[in-house]
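Note that ligands are numbered from 1 as they come in the structure, with each ligand's atoms numbered from 1 the same way.
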Amino acid sequence: MIIAIDGPAASGKGTLGKRLAKHYGYRHLDTGVIYRAVAKAMLDAGADLNDEMLAVSAALELDPENFGNPALKTQAVGDAASVVSAIPGVREVLLSFQRRFAEDSPGAVLDGRDIGTVICPDADVKIFVVADPVVRARRRTLEAKARGEVADEAAVLADILRRDERDKNRATAPLKPAADAYLLDNSNLDIEGGVRAAIDIVEAVRAGRQRV
Ligand code: DC
């Protein structure tokens, strides 16, 4: 079974993906990390983030061993990832890696922006996670502070809104729910509530019940 989870920045889809994978004993891929790794390579090289040739070669040289690097989690890298991920050549290079990951047994949960629409259009379950931007900014600020970073909630909100705009309006694989995705609004849910709601959706689909 393949579970696709998409949604905007800081919607909580990453945590949800990890928890769902654990619950079902599936593998999990946070696809944002891949774009973040390309962005970090570009930043480290002092490259222009819009340089398609350099970005494509950074994508070709990615080493999944580095996906756990905590330096990929910063706001600056996330913002840069939103820029490099709009480059069609970068997306093309990263597509087959994601598809291969999705298809290996016993099952997989992938979270990102275009999993249900482009990477795994035939996913068994598609969930599109949304949350109020103000709530997302608050959560992201708390996370950053917990990591010991300085974070200003208003600046985080501005960054989230800027990234939403860029991710939704790019020409290639924009952020949008697949026609057959279930919407999960977790603005008023804590992590456990969001996980339960997602499991309910998966179970409803498994049981072949009516769409919720
Ligand atoms: O989910 P995240 O914040 O780690 O993602 C960082 C950026 O990567 C995001 O702003 C857009 C891009 N991204 C993408 O284009 N497609 C994906 N499947 C995942 C992330």
Which atoms of ligand 1 have any heavy atom of [X] under 4.0 Å away?
X   : result
K13 : 1 (O)
R36 : 2 (P), 3 (O), 4 (O), 6 (C)
G32 : 4 (O), 5 (O), 19 (C), 20 (C)

Are the side chains of [X] and [Y] in touch, meaning some heavy atoms are under 4.5 Å apart?
X    : Y   : value
K73  : V33 : yes
K18  : K13 : no
I160 : P8  : no

So does [X] pair up with [Y], basic N to acidic O under 4.0 Å?
X    : Y    : value
R139 : D132 : no
R91  : D114 : yes
R162 : D79  : yes

Ignoring hydrogens and geometry beyond distance, is a side-chain donor-acceptor pair present between S82 and R163 at under 3.5 Å?
no

Going by atom types alone, do R113 and Y35 pair a side-chain donor with an acceptor below 3.5 Å?
no

Can you report which non-hydrogen protein atom sits closest to [atom], along with the distance?
atom                    : value
atom 3 (O) of ligand 1  : R163 NH2, 2.5 Å
atom 12 (C) of ligand 1 : S85 OG, 3.4 Å
atom 7 (C) of ligand 1  : A81 CB, 3.6 Å
atom 19 (C) of ligand 1 : T31 OG1, 3.4 Å
atom 10 (O) of ligand 1 : D167 OD2, 2.9 Å

Looking at ligand 1, does R170 have a heavy atom less than 4.0 Å from it?
yes

Would you say F101 ends up clustered with V90 if hydrophobic residues are merged whenever their side chains have heavy atoms under 4.5 Å apart, either directly or through other cluster members?
yes

When only distance counts, is [X] in polar contact with ligand 1, meaning an N/O pair under 3.5 Å?
X   : result
D30 : no
R91 : yes
Y35 : no

Please state which part of R166 comes within less than 4.0 Å of ligand 1, counting heavy atoms only: side chain, backbone, both or neither.
neither

Proximal candidate to atom 14 (C) of ligand 1 [heavy atom criterion; set R140, R113, R162]
R113

